[in-house]
Amino acid sequence: MVLPSFCYFLQVWDYTGLGYTKYTASDVETDILGCVVENRVLQSSLLSCLQNNTEFQKTVYPSRLTSMTVGLLTKTNSAASRMAKLDLCDGTSLFAKLVVGADGGKSRVRELAGIKTTGWNYSQNAVICTVKHTAENHCAWQRFLPAGPIALLPIGDKFSNIVWTMTPREASDCKAMSEDDFLKSVNHALDYGYGPHPHAESFPGDKSWEVPPKVIELASERMVFPLSLKHAKDYVANRVVLIGDAAHTVHPLAGQGVNLGFGDASAFSKIIADGVAVGADLGELSLLKKYEAERKPANFMMTAILDGFQKAYSVDLGPVNILRAAAFQVAQYVSPIRRNIISYATGRQKWPLLF
Ligand SMILES: Cc1cc2nc3c(=O)[nH]c(=O)nc-3n(C[C@H](O)[C@H](O)[C@H](O)COP(=O)(O)OP(=O)(O)OC[C@H]3O[C@@H](n4cnc5c(N)ncnc54)[C@H](O)[C@@H]3O)c2cc1C
């Protein structure tokens with residue numbers, strides 16, 4: 001099993017050679033900027049924490065939810081009317097005071113609770129895979145290309161994950177091409193392809209621009225995912241709460257999806273703990289609304305920022321390119337703004353640009 005890999009640097013640049021910024025852990029006086037953790041590692045760690053915890057009773061049902069009925073079971077005010085009934089595909093039925101929908105972007109809980117979403121599909125797909133490169137890597141690299149960004153994210157040793165956004169047509173070509181051609185395309189995209197390097201000499205010390213490590217081997221299959229933005233109109237309904245991608249799906253260009261979900265889980269657990277402390281009914285809408293009030297504006301803000309980035313990089317026009325480069329320069333040279341961006345992106349700060 002691959003362990004979390006620490007990132008000490010983040011280098012972001014674009015194909016025009018004008019936009020460039022590099023962040024280091026020392027910018028925010030920490031040892032590391034962030035961690036890259038593979039989804040399966042995260043999931044199995046969380047499951048084993050749950051299984052090893054002896055403080056409460058738990059049962060894991062490895063079955064899919066098929067239907068849900070809330071508060072319609074018997075007469076009002078009876079105990080059963082304060083329960084949700086969940087039917088699983090193996091025929092089991094469960095009763096719960098509160099249902100937490102953490103079932104991803106196509107959430108069945110959200111659908112069954114009748115919660116609507118707003119959003120749109122991006123005309124972009126992401127190609128993801130694991131690659132091996134020449135040297136050990138502790139930097140997260142991201143280059144914005146005309147069709148979308150390519151990211152090389154360290155997962156330990158000489159391995160990194162690629163998340164490469166492009167048009168659906170390009171994505172199917174990338175998946176179908178030979179391994180050799182794919183590796184050539186990746187190296188082309190991370191180095192001289194599409195446009196010049198930023199002027200390395202103009203950045204002092206550990207801020208100087210570097211060429212990412214050369215990718216030499218494909219270490220997994222290539223998978224393609226369509227990208228979309230989705231935000232639930234409500235995060236809560238009677239006895240139901242949504243967290244993570246069930247409540248919001250964002251563009252992966254800044255690797256924020258899981259951070260937002262962690263923010264939800266943390267806020268929600270505090271509100272539930274407060275509710276337990278005063279003996280509240282945990283499925284009561286007024287209690288759940290506190291969670292929605294805490295998380296929805298913050299998630300909405302991040303969703304809008306990421307969507308803005310996606311749109312700003314969907315245009316290839318001289319004046320727009322210069323404006324983007326100017327924004328990069330501000331992010332690179334104005335220290336309080338740089339610190340703010342890092343604190344916000346790493347989840348240390350709830351709102352952007354707080355001084
Ligand atoms: C291409 C791509 C790259 C990404 N890169 C990054 C990145 O670098 N960093 C980052 O932070 N985020 C990234 N994300 C986003 C990240 O993957 C999601 O934000 C994250 O996985 C959401 O976690 P979740 O637990 O809310 O939902 P999910 O990970 O979708 O998990 C939902 C779970 O619910 C289960 N489930 C679904 N329906 C049912 C049902 N009916 N009954 C029972 N169980 C059900 C599923 O099996 C699954 O286990 C990326 C996304 C994409 C598409």
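Only a predicted model underlies this, so the values are computations on that prediction, with no experimental measurement involved. Just follow the structure's listing: the first ligand is 1, and inside any ligand the first atom is 1.
For ligand 1, the polar-atom distance check finds an N/O of Val258 within less than 3.5 Å of one of the ligand's N/O atoms. Any N or O atom pair closer than 3.5 Å counts here, and Leu227 shares no such pair with ligand 1. Considering backbone and side-chain atoms alike, Arg64 places an N or O below 3.5 Å from some N or O of ligand 1.
Shown here, atom 4 (C) of ligand 1 is in close reach of the protein: a heavy atom of it lies under 4.0 Å off. Put simply, atom 44 (N) of ligand 1 has no protein non-hydrogen atoms near it, under 4.0 Å away. For atom 9 (N) of ligand 1, a protein heavy-atom neighbour is found at a distance under 4.0 Å. For atom 39 (C) of ligand 1, a protein heavy-atom neighbour is found at a distance under 4.0 Å. Counting only heavy atoms, the protein gets under 4.0 Å from atom 34 (O) of ligand 1.
Proximity of a side-chain donor or acceptor of Asn340 to a complementary backbone N or O of Pro336 within less than 3.5 Å is detected. Using modelled atom types, no side-chain atom of Ser107 and backbone atom of Asp103 make a donor-acceptor pair closer than 3.5 Å.
Checked against Leu190 for a side-chain contact (heavy atoms from CB on, under 4.5 Å), the options Leu145, Leu152, Val211 give a single hit: Leu152.
The distance from ligand 1 to the heavy atoms of Ala126 drops below 4.0 Å at these ligand atoms: 1 (C). Of all the atoms in ligand 1, the ones that sit under 4.0 Å from a non-hydrogen atom of Gly255 are 7 (C), 8 (O), 9 (N), 10 (C), 11 (O). Atoms of ligand 1 lying under 4.0 Å from at least one heavy atom of Gly244, given by number and element, are 26 (O). Residue-ligand proximity, Pro252 to ligand 1, at heavy-atom distances under 4.0 Å covers atoms 3 (C), 4 (C), 5 (N), 50 (C). Those atoms of ligand 1 with a heavy atom of Gly104 less than 4.0 angstrom away are 27 (O), 30 (O), 32 (C).
Partners of Tyr194 according to the ring pair (Phe, Tyr, Trp, His ring centres under 6.0 Å) rule, which considers only residues two or more places apart in sequence or in another chain, are His188. Residues meeting the ring pair (Phe, Tyr, Trp, His ring centres under 6.0 Å) test with Phe300, sequence neighbours left out: His231.
A cation-pi arrangement is present between Arg324 and Tyr313 under the rule of less than 6.0 angstrom and at most 45 degrees off the ring axis. Relative to the ring axis of Phe268, Arg295 does not place its NZ or CZ within 45° and under 6.0 Å from the centre.
By the criterion of a heavy-atom distance under 4.0 Å, the side chain of Arg108, and not its backbone, is placed next to ligand 1. Contacts with ligand 1 closer than 4.0 Å are made by side-chain heavy atoms of Ile128 only, the backbone lying farther away.
Protein heavy atom nearest atom 48 (C) of ligand 1, with residue, atom name and distance: Gln43 NE2, 4.9 Å. Nearest protein neighbour of atom 29 (O) of ligand 1, counting heavy atoms only, is Asn39 ND2, 4.3 Å. What sits closest to atom 42 (N) of ligand 1 on the protein, heavy atoms only, is Leu65 N, 2.9 Å. Given atom 24 (P) of ligand 1, the protein heavy atom at minimum distance is Asp245 N, 4.2 Å. Scanning all protein heavy atoms for the shortest distance to atom 15 (C) of ligand 1 gives Gly257 CA, 4.1 Å.
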Decide yes or no on ring-ring contact (aromatic ring centres under 6.0 Å, His included) for His138 and Phe6, but give the supporting numbers first.
CA-CA 6 Å; His138 286 294; Phe6 298 127; 8.1 Å; no

For Lys85 and Asp87, run salt bridge (Lys or Arg N to Asp or Glu O under 4.0 Å): C-alpha distance rounded to whole Å, both residues' side-chain angles, the deciding distance at 0.1 Å, then the answer.
CA-CA 7 Å; Lys85 177 173 176 266; Asp87 300 310; 3.1 Å; yes

Under the ring-ring contact (aromatic ring centres under 6.0 Å, His included) criterion, do Phe328 and Tyr20 qualify, and how do the steps go?
CA-CA 6 Å; Phe328 266 110; Tyr20 166 69; 8.1 Å; no

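Separation of atoms SG (Cys7) and CD1 (Ile155) is listed at 11.5 Å; rounding is to 0.5 Å. For the atom pair CG of Leu65 and CG of Leu94, the computed distance is 9.0 Å after rounding to the nearest 0.5 Å. Thr16 contributes atom OG1, which lies 9.0 Å from atom CD1 of Ile322 (distance to the nearest 0.5 angstrom).
Heavy-atom proximity to atom 36 (N) of ligand 1, evaluated over Val250, Asp103, Val127, is greatest for Asp103. Relative to atom 25 (O) of ligand 1, the option among Gly101, Ala102, Gly34 with the closest non-hydrogen atom is Ala102.
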